Amino acid sequence: MKDCLFCNIAKKEVSSDIVYEDEQFVVFADINPQAPLHLLIIPRKHIHSIDHIEEKDKELMGSLILTAKKVARQHNLAGYKLHFNVGKEGGQVIDHIHLHLLADRK
Ligand code: AMP
Ligand code: ZN
């Protein structure tokens with residue numbers, strides 16, 4: 001998606017503090033952190049929100065959670081919070097699916 005901020009971050013057309021990336025996912029620091037460590041995990045594939053995932057996205061969404069776990073391990077986190085905002089009424093501001101990872105220490 002040409003005008004999507006997070007697609008452009010994934011393509012590195014917009015700069016961000018990327019902490020992990022692979023073929024399918026990019027993980028970067030939230031610009032307005034709500035915890036000492038606040039990362040966003042996104043698939044490179046543009047999907048609007050959890051409300052837009054389809055049966056064919058099952059494996060991708062499983063891998064998204066495994067990526068969160070992998071990055072948490074890399075940061076030596078004992079515990080952390082994961083959350084999705086879904087839709088404008090659910091607090092979603094950026095219309096490219098993203099999993100928030102929040103932890104009390106960096
Ligand atoms: P949400 O409310 O779930 O859509 O969350 C969007 C998140 O993206 C917010 O926590 C913002 O602080 C974050 N955000 C917005 N623009 C950027 C950016 N350019 N780089 C990193 N994070 C961003
Ligand atoms: Zn996008």
Side-chain angles (χ1 to χ4, degrees):
M1 270 267 274
K2 202 169 158 284
D3 293 327
C4 170
L5 175 64
F6 284 1
C7 281
N8 290 332
I9 283 179
K11 285 186 278 182
K12 297 187 179 159
E13 285 171 6
V14 169
S15 69
S16 69
D17 182 6
I18 293 176
V19 300
Y20 174 85
E21 63 181 316
D22 61 24
E23 245 175 50
Q24 293 188 101
F25 303 102
V26 180
V27 183
F28 55 97
D30 195 294
I31 208 168
N32 181 24
Q34 302 299 308
L37 182 69
H38 186 171
L39 302 175
L40 299 172
I41 298 134
I42 65 166
R44 292 185 186 276
K45 178 184 177 184
H46 180 88
I47 302 174
H48 188 118
S49 80
I50 286 283
D51 204 43
H52 295 75
I53 54 177
E54 296 173 28
E55 207 50 34
K56 65 177 193 293
D57 299 315
K58 256 190 335 201
E59 198 174 324
L60 183 74
M61 294 310 292
S63 299
L64 179 85
I65 292 172
L66 286 170
T67 302
K69 173 192 149 183
K70 187 189 281 185
V71 172
R73 290 267 173 98
Q74 285 174 348
H75 284 76
N76 274 319
L77 301 177
Y80 48 95
K81 295 182 173 73
L82 295 175
H83 88 247
F84 289 107
N85 291 325
V86 185
K88 200 181 276 187
E89 300 303 315
Q92 183 174 0
V93 175
I94 308 283
D95 292 335
H96 180 128
I97 207 165
H98 50 282
L99 178 58
H100 293 259
L101 185 159
L102 299 122
D104 286 341
R105 66 181 182 82
K106 284 201 177 173

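As the structure lists them, so they are numbered: ligands from 1, and atoms in each ligand from 1. Being a predicted model, the structure only gives us computed values, none of them experimental.
Listing protein N, O or S atoms at distances below 2.8 Å from the Zn ion (ligand 2), with waters left out, gives Cys4 SG, Cys7 SG, His46 ND1, His96 ND1.
His96 meets the ring-ring contact (aromatic ring centres under 6.0 Å, His included) test with His46; sequence neighbours excluded.
The backbone N or O of Asn32 lies less than 3.5 Å from a partner atom in the side chain of Gln34, making a donor-acceptor pair. Of the possible donor and acceptor atoms, none in the side chain of Glu21 sits under 3.5 Å from a partner among the backbone N and O of Val26. Side-chain N or O atoms of Arg44 include none that pairs as donor or acceptor with a backbone N or O of Lys11 at under 3.5 Å.
His98 and Phe6 have perpendicular rings, their planes meeting at more than 60° on a 0 to 90° scale where under 30° would count as parallel.
For residues 68-97, no pair satisfies salt bridge (charged side-chain N to carboxylate O under 4.0 Å, His left out), with sequence neighbours left out.
Residues Val19 and Leu39 form a side-chain contact, since some pair of their non-hydrogen atoms from C-beta on lies under 4.5 Å apart.
Closest of all the heavy-atom pairs between Pro43 and Phe25 is CA-CD2, 3.6 Å. Of all heavy-atom pairs spanning Gly79 and Ala103, the tightest one is O-CB, 3.9 Å.
For ligand 1, residues of the protein lying within 4.0 angstrom by heavy-atom distance are Leu5, Phe6, Ile9, Phe28, Ala29, Asp30, Ile31, Asn32, Leu40, Asn85, Gly91, Gln92, Val93, Ile94, His98, His100.
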